[in-house]
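Reminder, nothing fancy here: chain letters follow the sequence lines and each chain counts from 1.
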Amino acid sequence: GENVEQHPSTLSVQEGDSAVIKCTYSDSASNYFPWYKQELGKRPQLIIDIRSNVGEKKDQRIAVTLNKTAKHFSLHITETQPEDSAVYFCAASSIGAAGNKLTFGGGTRVLVKP
Amino acid sequence: DTEVTQTPKHLVMGMTNKKSLKCEQHMGHRAMYWYKQKAKKPPELMFVYSYEKLSINESVPSRFSPECPNSSLLNLHLHALQPEDSALYLCASRQVPSSGRYNEQFFGPGTRLTVL
């Protein structure tokens with residue numbers, strides 16, 4: 001089955017700096033890579049996703065890059081703000097497979113210091 | 001309505017109790033999921049329903065029994081749970097068939113379960 005590794009497990013940045021989280025996956029059949037943000041006591045919420053036919057996607061201060069050959073993808077947050085503090089999970093999935101099963105990375109706790 | 005709702009928010013039960021968790025969505029999504037999330041860990045998939053049929057069971061113990069009575073509702077029946085089953089139980093839904101932008105799993109707020 002799929003295995004997703006995520007690094008770092010914790011990340012502390014100064015407000016205004018950039019944050020980068022990296023994930024690797026094992027199953028070359030995976031073709032959908034979402035990133036979820038989970039604030040304390042809240043539900044996971046999708047912040048950005050990318051499909052394997054695209055190398056990069058950007059949405060305001062958030063960008064995701066995908067290297068299919070190396071089987072890794074990264075989340076970049078620029079101009080971090082205190083409200084970016086949360087746990088971020090990457091995930092991998094194979095669209096079209098039964099149930100579109102998401103396999104999550106272990107999570108990165110991001111703390112943005114004012 | 002673009003939300004997944006879950007009831008109850010919190011549940012405390014003894015090891016001999018029977019209880020049920022409920023999940024509801026009115027987005028027309030035909031795939032629904034149960035996840036278990038322990039503190040400081042990622043969600044772990046338990047069950048997947050596709051068009052009201054169970055399509056994935058991740059080797060979950062039989063003390064957890066899912067049910068999908070219709071396309072909007074998903075239940076998780078609990079019986080004879082253990083203290084280690086205490087966790088946040090998350091429901092999610094997704095539009096099927098997946099194509100274009102329709103890949104996102106929408107999560108509910110979860111039920112925080114404590115087993116005494």
Side-chain angles (χ1 to χ4, degrees), chain A residues 1-11 21 23 25 29-54 57 59 64 66 86-111, chain B residues 2-6 9-10 23 25 29-60 66 68 74 87-112:
Chain A
E2 175 65 278
N3 181 49
V4 179
E5 301 274 344
Q6 183 172 346
H7 298 280
S9 56
T10 58
L11 181 57
I21 303 170
C23 290
Y25 62 99
S30 289
N31 54 13
Y32 173 64
F33 307 93
W35 287 87
Y36 282 85
K37 175 184 179 182
Q38 188 174 27
E39 296 176 51
L40 193 61
K42 301 255 179 98
R43 72 187 80 193
Q45 292 203 291
L46 182 77
I47 55 171
I48 196 166
D49 57 10
I50 192 167
R51 293 184 66 163
S52 59
N53 57 351
V54 175
K57 186 176 175 182
D59 183 2
V64 57
L66 171 65
V87 178
Y88 292 80
F89 293 103
C90 64
S93 174
S94 179
I95 298 171
N100 192 25
K101 174 179 162 179
L102 283 179
T103 302
F104 285 89
T108 298
R109 186 170 299 275
V110 173
L111 175 63
Chain B
T2 57
E3 263 206 333
V4 178
T5 59
Q6 289 187 244
K9 284 192 169 63
H10 301 275
C23 172
Q25 56 86 16
H29 292 175
R30 302 301 295 276
M32 295 186 78
Y33 305 76
W34 280 116
Y35 289 87
K36 172 182 177 180
Q37 187 177 27
K38 300 281 263 185
K40 299 186 180 181
K41 295 289 185 184
E44 285 179 45
L45 183 67
M46 301 174 72
F47 302 104
V48 181
Y49 273 83
S50 183
Y51 294 96
E52 296 85 71
K53 288 188 176 10
L54 184 66
S55 62
I56 296 178
N57 176 342
E58 290 286 277
S59 303
V60 178
C68 190
L74 185 66
L88 180 69
Y89 287 84
L90 292 161
C91 172
S93 72
R94 183 181 66 88
Q95 184 164 0
V96 285
S98 58
S99 62
R101 50 190 285 265
Y102 301 124
N103 302 307
E104 179 181 353
Q105 285 190 25
F106 291 80
F107 283 85
T111 293
R112 188 157 302 280

Atom pair [atom1]/[atom2] of [X] and [Y] - distance to nearest 0.5 Å:
X: B:E104; Y: A:L102; atom1: CD; atom2: CG; result: 10.5 Å
X: B:L88; Y: A:Q38; atom1: CG; atom2: CD; result: 7.0 Å
X: B:K40; Y: A:S9; atom1: NZ; atom2: OG; result: 11.0 Å
X: A:F89; Y: B:Q37; atom1: CZ; atom2: CD; result: 5.0 Å
X: A:F104; Y: B:Y35; atom1: CZ; atom2: OH; result: 5.0 Å

Surrounding NZ of A:K42 (heavy atoms of other residues, nucleotides or ligands, distance under 6.0 Å), is the total greater than 12? no

Should we count CZ of B:R30 as having more than 12 external heavy atoms under 6.0 Å? yes

Under 4.5 Å to a heavy atom of chain B? For A:Q45 that would be neither

Using non-hydrogen atoms and a 4.5 Å limit, figure out which bit of A:P44 sits close to chain B: side chain, backbone, both or neither. both

B:E58 versus chain A, heavy atoms under 4.5 Å apart: side chain, backbone, both or neither? side chain

List the steps and the verdict of side chain to side chain contact (heavy atoms under 4.5 Å, CB included) for B:Q105 and A:K101. CA-CA 10 Å; B:Q105 285 190 25; A:K101 174 179 162 179; over 6 Å; no

